[in-house]
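Shown below is the structure under consideration.
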Amino acid sequence: MKSEPQTVLAPASHDRDWWRGAVIYQLYPRSFADANGDGVGDFAGMVERLPYVASLGVDAIWVSPFFRSPMKDFGYDVSDYRDVDPLFGTLQDFDTLVARAHELGLKVIVDQVLSHSSDQHPWFMQSRASRDNARADWYVWADPKADGTPPNNWLSIFGGSAWQWDTRRRQYYLHNFLASQPDLNFHNPEVQKQLLDDLRFWLDRGVDGFRFDACIFHFHDLKLRDNPPAERADTLSVPASNPYSFQRHLYDKTQPENIGFLQKIRNLLDEYGAASVGEIGDDDSIKTMAAYTSGGDKLHMAYSFNLLATESSAGYIRRQVEELEAQIADGWTSWSIGNHDVPRFLSRWGGVGATGDYTKVALAMLASLRGSVCWWQGDELALTEADIPYEKIQDPYGITFWPEFKGRDGCRTPMPWSRDLVHAGFSGGRPVEPWLPVPAEHAARAVDASEADPASPLHFMRRLLAWRKTQARLLRGGIRFVDAPEPVLAFYRTPDDGPELLCMFNLGRTAIEIAAPAPGLQQIMTRVDDHLEGTLAGEHITLPAHGFFYGQHSSV
């Protein structure tokens with residue numbers, strides 16, 4: 001039985017802009033911690049392990065979908081927006097999570113999937129029953145062409161046409177993802193009102209904000225015009241093997257009407273002092289990120305797949321940030337190098353043989369960019385992408401595009417807690433088989449093993465984030481890049497007043513010596529890792545392999 005919404009007090013804070021410069025730790029409920037021993041993570045496990053998350057020095061948790069769902073896409077197919085799936089627990093368990101997080105000083109951001117629901121949602125079951133029922137227009141329906149084919153050429157990200165034939169209505173319905181994930185019709189005001197009410201339900205339970213999944217898909221072109229061919233395939237948000245990248249997605253997403261709906265969301269969030277971060281996977285993600293966060297009346301933050309790509313050179317990172325800064329004006333971004341949709345960054349960016357030192361410099365770089373940070377669970381342990389055999393793959397995306405694309409399971413494997421326990425202690429040492437296998441190399445880097453090593457990336461993260469909080473320039477200052485040879489990324493963080501902070505990162509595997517960008521440089525010692533901290537001698541800076549340097553110029 002569902003319980004009535006209960007207001008859970010948020011942690012005391014007078015700073016409504018807490019999200020600016022915040023570090024947000026993403027929790028994937030299925031894979032974080034299993035308390036009841038069924039091989040799947042749950043709320044009780046998350047509550048038990050929350051002190052670990054708080055110890056990292058992060059500001060908030062982003063909880064991936066936990067709503068009632070048939071789990072065709074592991075929670076991103078919602079069948080009830082106001083209930084917890086029994087796999088994870090109950091609404092009371094969710095309330096306990098929120099209360100415990102707030103006790104630990106953590107904000108709680110809930111992952112919301114508004115663009116589509118499950119085909120098992122009562123709304124869709126009613127909508128598909130006839131063309132004249134009360135919810136007939138709650139989803140995107142269209143008649144076939146005269147020859148029976150779909151109404152246009154739109155493609156699903158997960159493969160094939162974005163249109164699925166329904167025999168009851170003898171019409172096609174739109175699905176930008178799985179056929180079991182029909183798209184809601186946001187052109188219907190009743191749909192918008194219902195979803196805003198569902199957001200309020202969770203705000204009344206004390207959540208501090210939302211991460212909006214696929215938020216560029218809310219609206220579609222009412223004329224159902226064909227998408228034109230892409231001038232250049234977009235392989236940032238989909239693999240090259242996916243024909244979705246062959247189209248310019250002019251009409252199936254990022255429609256102008258979405259601005260008005262995001263403004264309605266912002267008005268609601270402002271009532272509660274809550275924050276938002278939106279996922280932007282667009283043909284021109286940077287342009288859309290700027291548009292969706294400008295003016296202080298839409299999303300608070302947005303992130304794209306631009307740093308979730310395979311390219312990781314200093315020049316590439318600089319181009320992405322500078323292009324965004326040139327357009328974003330008063331908007332704000334949340335940079336991410338890892339999440340539940342892409343291979344682990346240590347493998348994707350670091351390549352074969354990458355070490356924990358690469359994790360350290362990547363984190364330092366990410367935490368020094370202008371913007372907030374989204375951090376994927378387990379990356380602080382220097383976990384690599386897991387190699388999941390075909391017979392154990394769970395992700396329908398990977399099954400469809402195998403073997404060129406193996407899906408998203410390799411980054412979603414269970415969190416390793418204890419090196420010497422079965423399945424690395426994910427289920428508390430119980431012998432139950434977890435929903436995805438735990439690689440032996442992950443067990444070797446389990447939390448307890450990392451805790452025992454003072455030089456581990458885990459301890460580095462704690463020290464770095466503690467130091468970062470003392471540097472106002474890193475939290476909310478501007479950014480200005482300076483030229484440096486590959487593989488060095490160098491920029492200044494620029495405060496409203498006072499000296500600029502020089503930040504340098506050697507993304508390569510060999511030491512390098514470079515000239516200081518200007519005379520009068522003074523080093524700022526972080527003491528977060530003496531092994532990786534660069535040194536200043538005269539007007540030259542020596543950066544160890546995967547080393548970093550912070551400094552400022554003396555006043556003239």
Side-chain angles (χ1 to χ4, degrees), residues 72-73 76-77 113-119 121 123-124 127-128 131 136-188 191-192 212-259 261 278-285 287-288 292 304-305 341 396-397 400-401 405:
K72 297 291 181 63
D73 192 23
Y76 284 88
D77 49 328
V113 191
L114 303 184
S115 72
H116 55 267
S117 76
S118 164
D119 62 357
H121 198 295
W123 302 341
F124 185 73
S127 185
R128 77 188 317 179
R131 298 191 185 192
D137 194 38
W138 275 45
Y139 291 82
V140 182
W141 295 95
D143 291 327
K145 291 181 179 179
D147 62 358
T149 55
N152 61 28
N153 71 345
W154 297 353
L155 295 174
S156 163
I157 290 178
F158 286 176
S161 171
W163 297 97
Q164 178 69 27
W165 179 252
D166 184 82
T167 56
R168 278 148 286 198
R169 288 185 51 146
R170 285 187 282 183
Q171 287 182 303
Y172 284 96
Y173 65 83
L174 180 67
H175 63 93
N176 281 293
F177 298 90
L178 294 175
S180 58
Q181 294 171 297
D183 273 55
L184 284 153
N185 179 19
F186 281 75
H187 291 286
N188 185 332
V191 170
Q192 294 188 37
F212 291 108
D213 180 74
C215 65
I216 58 176
F217 287 95
H218 292 156
F219 287 84
H220 67 286
D221 173 46
L222 284 173
K223 296 180 180 178
L224 301 182
R225 286 171 282 190
D226 280 351
N227 283 329
E231 295 179 3
R232 179 170 56 90
D234 170 25
T235 56
L236 286 176
S237 53
V238 297
S241 57
N242 190 339
Y244 187 85
S245 66
F246 299 171
Q247 290 186 359
R248 180 185 174 203
H249 294 276
L250 193 61
Y251 298 116
D252 54 346
K253 61 184 179 182
T254 323
Q255 298 303 290
E257 296 93 336
N258 202 24
I259 294 292
F261 180 66
E279 175 195 34
I280 308 295
D282 207 1
D283 293 354
D284 188 347
S285 294
K287 177 181 178 181
T288 306
Y292 281 13
S304 72
F305 285 77
D341 281 332
Y397 195 8
T400 298
F401 286 98
F405 174 65

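Both backbone and side-chain heavy atoms feed into the values below; hydrogens, waters and symmetry mates do not.
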Value for CD1 (Ile157) from NZ (Lys253), rounded to nearest 0.5 Å, stands at 5.5 Å
On the 0 to 90° scale, with breaks at 30° and 60°, tag the Phe261-His218 ring pair as parallel, tilted or perpendicular.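 Ring orientation, 0 to 90° scale: perpendicular.
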Residue set satisfying salt bridge (Lys or Arg N to Asp or Glu O under 4.0 Å) with Arg168, at least two apart, ordered chain then number -> Asp166
Would you please classify the geometry between the Phe186 ring and the Phe219 ring as parallel, tilted or perpendicular, with 30° and 60° separating the classes? tilted
With sequence neighbours excluded, what pairs up with Asp341 under the salt bridge (Lys or Arg N to Asp or Glu O under 4.0 Å) test? Arg408, Arg412
Those residues at least two apart in sequence (or on a different chain) that pass side-chain contact (heavy atoms from CB on, under 4.5 Å) with Ser180 are Lys72, Asp119, Leu178
Any chance the side chains of Trp163 and Asn152 put a donor and an acceptor closer than 3.5 Å? yes
Which residues pass the side-chain contact (heavy atoms from CB on, under 4.5 Å) test with Ser237, sequence neighbours left out?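 Result, side-chain contact (heavy atoms from CB on, under 4.5 Å) vs Ser237: Asp234, Phe305.
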If a pair satisfies salt bridge (Lys or Arg N to Asp or Glu O under 4.0 Å) and one of its residues is in residues 214-224, list it, with sequence neighbours excluded.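 Residue pairs passing salt bridge (Lys or Arg N to Asp or Glu O under 4.0 Å), neighbours aside: Asp221-Arg225.
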Contacts of Asp283 meeting salt bridge (Lys or Arg N to Asp or Glu O under 4.0 Å) (sequence neighbours excluded), chain-then-number -> none
Can you find a pair of side-chain heavy atoms, one from Gln181 and one from Tyr76, that are under 4.5 Å apart? yes
Is a side-chain N or O of Gln255 found less than 3.5 angstrom from the main chain of Leu250, in a donor-acceptor match?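 Such a contact is found between Gln255 side chain and Leu250 backbone.
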Can you tell me how far apart OG (Ser161) and NE2 (His175) are? Round to the nearest 0.5 Å.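 Output value for this atom pair is 6.0 Å.
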side-chain hydrogen bond (donor to acceptor under 3.5 Å, both in side chains) partners of Ser118, counting only residues at least two apart: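 None.
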Sort out for me which residue in Leu184, Asp252, Asp183 forms a side-chain contact (heavy atoms from CB on, under 4.5 Å) with Leu174. Asp183
Roughly how far, to the nearest 0.5 Å, is CD of Gln164 from OH of Tyr172?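 Taking OH in Tyr172 and CD in Gln164, the distance rounds to 8.5 Å.
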By side-chain hydrogen bond (donor to acceptor under 3.5 Å, both in side chains), which residues pair with Asp226, not counting sequence neighbours?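 side-chain hydrogen bond (donor to acceptor under 3.5 Å, both in side chains) list for Asp226, sorted by chain: empty.
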One should read off an interatomic distance between Asp213 CG and Ser115 OG, to the nearest 0.5 angstrom, of 6.5 Å
What pair of heavy atoms forms the shortest contact from Ser245 to Ala230, and how long is it?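 That would be O-CB, 3.7 Å.
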Can you check whether His116's main-chain N or O pairs, donor with acceptor, with His121's side chain at less than 3.5 Å?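 Judged by distance alone, no pair lies under 3.5 Å.
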Can you measure from OH (Tyr139) to CD (Gln171) and round to the nearest 0.5 angstrom? 15.0 Å
Is the side chain of Glu279 donor-acceptor paired with the backbone N or O of Ala214 at a distance under 3.5 Å, no angle test?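 Between the backbone of Ala214 and the side chain of Glu279 there is a qualifying donor-acceptor contact (under 3.5 Å).
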Candidate pair Trp154 and Asn176, rule side-chain contact (heavy atoms from CB on, under 4.5 Å), full reasoning: CA-CA 8 Å; Trp154 297 353; Asn176 281 293; 5.8 Å; no
Could you tell me the separation between the NZ atom of Lys287 and the OG1 atom of Thr254, rounded to the nearest 0.5 Å?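 Interatomic distance, Lys287 NZ to Thr254 OG1, rounded to 0.5 Å: 10.0 Å.
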Residues in salt bridge (Lys or Arg N to Asp or Glu O under 4.0 Å) contact with Arg169, at least two apart in sequence or another chain: none
For the residue pair Ile216 and Ile280, establish whether any side-chain heavy-atom pair is separated by less than 4.5 Å.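 A side-chain contact exists here, since the closest heavy-atom pair is under 4.5 Å.
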Are any non-hydrogen side-chain atoms of Asn153 and Asn227 less than 4.5 angstrom apart? yes
By side-chain contact (heavy atoms from CB on, under 4.5 Å) - contacts of Asn188 (at least two apart): Asp137, Trp138, Asn185, Glu190, Val191
Enumerate the residue pairs fulfilling salt bridge (Lys or Arg N to Asp or Glu O under 4.0 Å) with a member in residues 141-162, sequence neighbours excluded, ordered by first and then second residue.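 Qualifying pairs, neighbours excluded: Arg131-Asp143.
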Verdict with supporting geometry, Phe246 and Leu155, side-chain contact (heavy atoms from CB on, under 4.5 Å): CA-CA 10 Å; Phe246 299 171; Leu155 295 174; 5.8 Å; no
Using the six-membered ring wherever Trp is involved, compare the ring planes of Trp141 and Phe124 and label them parallel, tilted or perpendicular (cut-offs 30° and 60°).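 Judged by the thresholds at 30° and 60°, the geometry between Trp141 and Phe124 is parallel.
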Which residues share a side-chain contact (heavy atoms from CB on, under 4.5 Å) with Pro239, sequence neighbours left out: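 By the side-chain contact (heavy atoms from CB on, under 4.5 Å) rule, Pro239 matches Ser241, Asn242, Tyr397, Phe405.
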Donor-acceptor pair, distance only, cut-off 3.5 Å: does the side chain of Ser156 make one with the backbone of Ala162? no
Tell me, do Tyr292 and Ile259 make a side-chain contact under 4.5 Å, heavy atoms counted?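 Contact flag for Tyr292/Ile259 side chains = yes.
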